[in-house]
Amino acid sequence: MEELLHSCAFTGHRPHKLPWMHNEKDPRLAALISGIKNQVAKLTAEGITDYYSGMAEGVDLWAASAVLELKESNPTVRLHCIVPYRAQPDKWGADTQTTYREIIAKADETRELSRDYYDGCLLDRNRYTVDQAGTLLAVYNGEYRGGTAATIRYARKLDRRIIVLDPATGKVKPDA
């Protein structure tokens with residue numbers, strides 16, 4: 001499908017699974033966000049214009065913010081926010097909820113997959129984003145279990161291009 005060539009989905013860990021956890025002053029977080037921005041810019045230069053974020057805390061929100069920043073200078077870029085269920089951000093901290101709402105307000109599309117939470121809705125959201133995209137940009141620490149690992153396995157099954165960033169450095173992993 002032609003549209004897959006021009007689209008990228010994001011996956012990655014929540015802050016508690018990253019080496020610095022919730023310490024936003026850790027220089028590794030700045031390196032990771034820089035790495036995400038660099039990859040989004042590189043992918044856009046290759047012709048990818050549609051980006052799919054599952055809008056989860058951590059990597060999904062950082063990636064969505066990177067897309068919106070690039071969109072300011074490149075109006076062909078589009079952000080699609082895929083929300084697994086309506087109350088997803090309700091238990092997050094106030095700052096993260098504000099960031100979430102600001103991203104949603106600036107997105108080109110917001111799709112809510114379910115009104116209510118159900119077992120498997122996060123996995124369904126991850127699969128939906130991969131189904132829309134020919135490329136998956138993943139921030140992945142190598143753990144076999146968890147949503148990020150499952151999303152990468154699903155993308156491999158669909159023969160998607162996968163770019164893996166090291167969470168500690170923000171650089172593309174050589175074995176990706």
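Predicted, not measured: the structure shown is a model, and the values here were computed from it.
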Review point. Between R161 and L43, does a side-chain contact (heavy atoms from CB on, under 4.5 Å) hold up when you go through it step by step?
Key: CA-CA 12 Å; R161 173 185 177 197; L43 291 168; 3.7 Å; yes
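- Nearest heavy atoms, L136 versus A155: CD2-CB, 3.7 Å.
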Result block: side-chain N/O donor-acceptor pairs under 3.5 angstrom for residues 11-18, not counting sequence neighbours:
from	atom 1	to	atom 2	distance (Å)
H13	NE2	N141	N	2.9
H13	NE2	N141	OD1	3.2
R14	NH1	G12	O	2.9
K17	NZ	E143	OE1	3.1

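- Counting only N and O atoms by type, the side chains of R160 and Y154 include no donor and acceptor under 3.5 Å apart.
- Here H80 pairs with D50, E109 under the side chain to side chain donor-acceptor pair (under 3.5 Å) rule; sequence neighbours left out.
- Within 6.0 Å of CZ in R101 there are more than 12 heavy atoms belonging to other residues, nucleotides or ligands.
- Taking NE2 of H6 as the start and OG1 of T135 as the end, the distance is 10.5 Å to the nearest 0.5 Å.
- Annotation: side chain to side chain donor-acceptor pair (under 3.5 Å) contacts of T169 (sequence neighbours excluded): none.
- The two atoms that bring T129 and A9 nearest to each other are O-CB, 3.5 Å, heavy atoms only.
- Listed here is the closest heavy atom pair of C81 and I103: SG-CG2, 3.9 Å.
- N74 pairs by the side chain to side chain donor-acceptor pair (under 3.5 Å) definition with T76, not counting sequence neighbours.
- For T98 (side chain) and A94 (main-chain N/O), a donor-acceptor pair under 3.5 Å exists by modelled atom type.
- Residues that satisfy the side chain to side chain contact (heavy atoms under 4.5 Å, CB included) test with E72, not counting sequence neighbours, are absent from this structure.
- Nearest heavy-atom pair across L32 and P167 is CB-O, 3.9 Å.
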| request: Applying side-chain contact (heavy atoms from CB on, under 4.5 Å), run through V139 and V164 and close with a yes or a no. | output: CA-CA 6 Å; V139 175; V164 177; over 6 Å; no
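- Under the rule for a salt bridge (Lys or Arg N to Asp or Glu O under 4.0 Å), E102 has no partner lying at least two apart in sequence or in another chain.
- With hydrogens and angles ignored, the 3.5 Å screen pairs a side-chain donor or acceptor of T151 with a backbone N or O of G147.
- With sequence neighbours excluded, no residue forms a salt bridge (Lys or Arg N to Asp or Glu O under 4.0 Å) with D166.
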Worksheet item: Between Q88 and Y117, is a side-chain contact (heavy atoms from CB on, under 4.5 Å) present by the stated rule, with each step listed?
Response: CA-CA 8 Å; Q88 176 178 348; Y117 177 87; over 6 Å; no
Donor-acceptor contacts, no H, no angles, side chain residues 52-71, under 3.5 Å, sequence neighbours left out:
from	atom 1	to	atom 2	distance (Å)
S53	OG	M55	N	3.1
S53	OG	D60	O	3.0
D60	OD2	M55	N	3.4
D60	OD2	A56	N	3.2
S65	OG	L61	O	3.1
E69	OE1	K37	NZ	3.1
K71	NZ	V77	O	2.9
K71	NZ	D108	OD1	3.1
K71	NZ	D108	OD2	3.1

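- For the side chain to side chain contact (heavy atoms under 4.5 Å, CB included) test, residues two or more places apart in sequence or in another chain that qualify with A87 are Y85, D90.
- In this structure Y140 satisfies the side chain to side chain donor-acceptor pair (under 3.5 Å) test with no other residue, sequence neighbours excluded.
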- Query: Checking side-chain contact (heavy atoms from CB on, under 4.5 Å) for the pair L79/K106: CA distance, chi angles, key distance, verdict?
  - Reply: CA-CA 8 Å; L79 176 63; K106 294 177 182 175; over 6 Å; no
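- Using modelled atom types, no side-chain atom of E112 and backbone atom of V83 make a donor-acceptor pair closer than 3.5 Å.
- At distances below 3.5 Å, not a single donor-acceptor pair connects side-chain atoms of Y100 with backbone N or O atoms of D95.
- Within the structure, salt bridge (Lys or Arg N to Asp or Glu O under 4.0 Å) contacts touching residues 114-125 (residues at least two apart or in different chains) do not occur.
- Residue pairs meeting the salt bridge (Lys or Arg N to Asp or Glu O under 4.0 Å) criterion with at least one member in residues 144-155, sequence neighbours excluded, do not occur.
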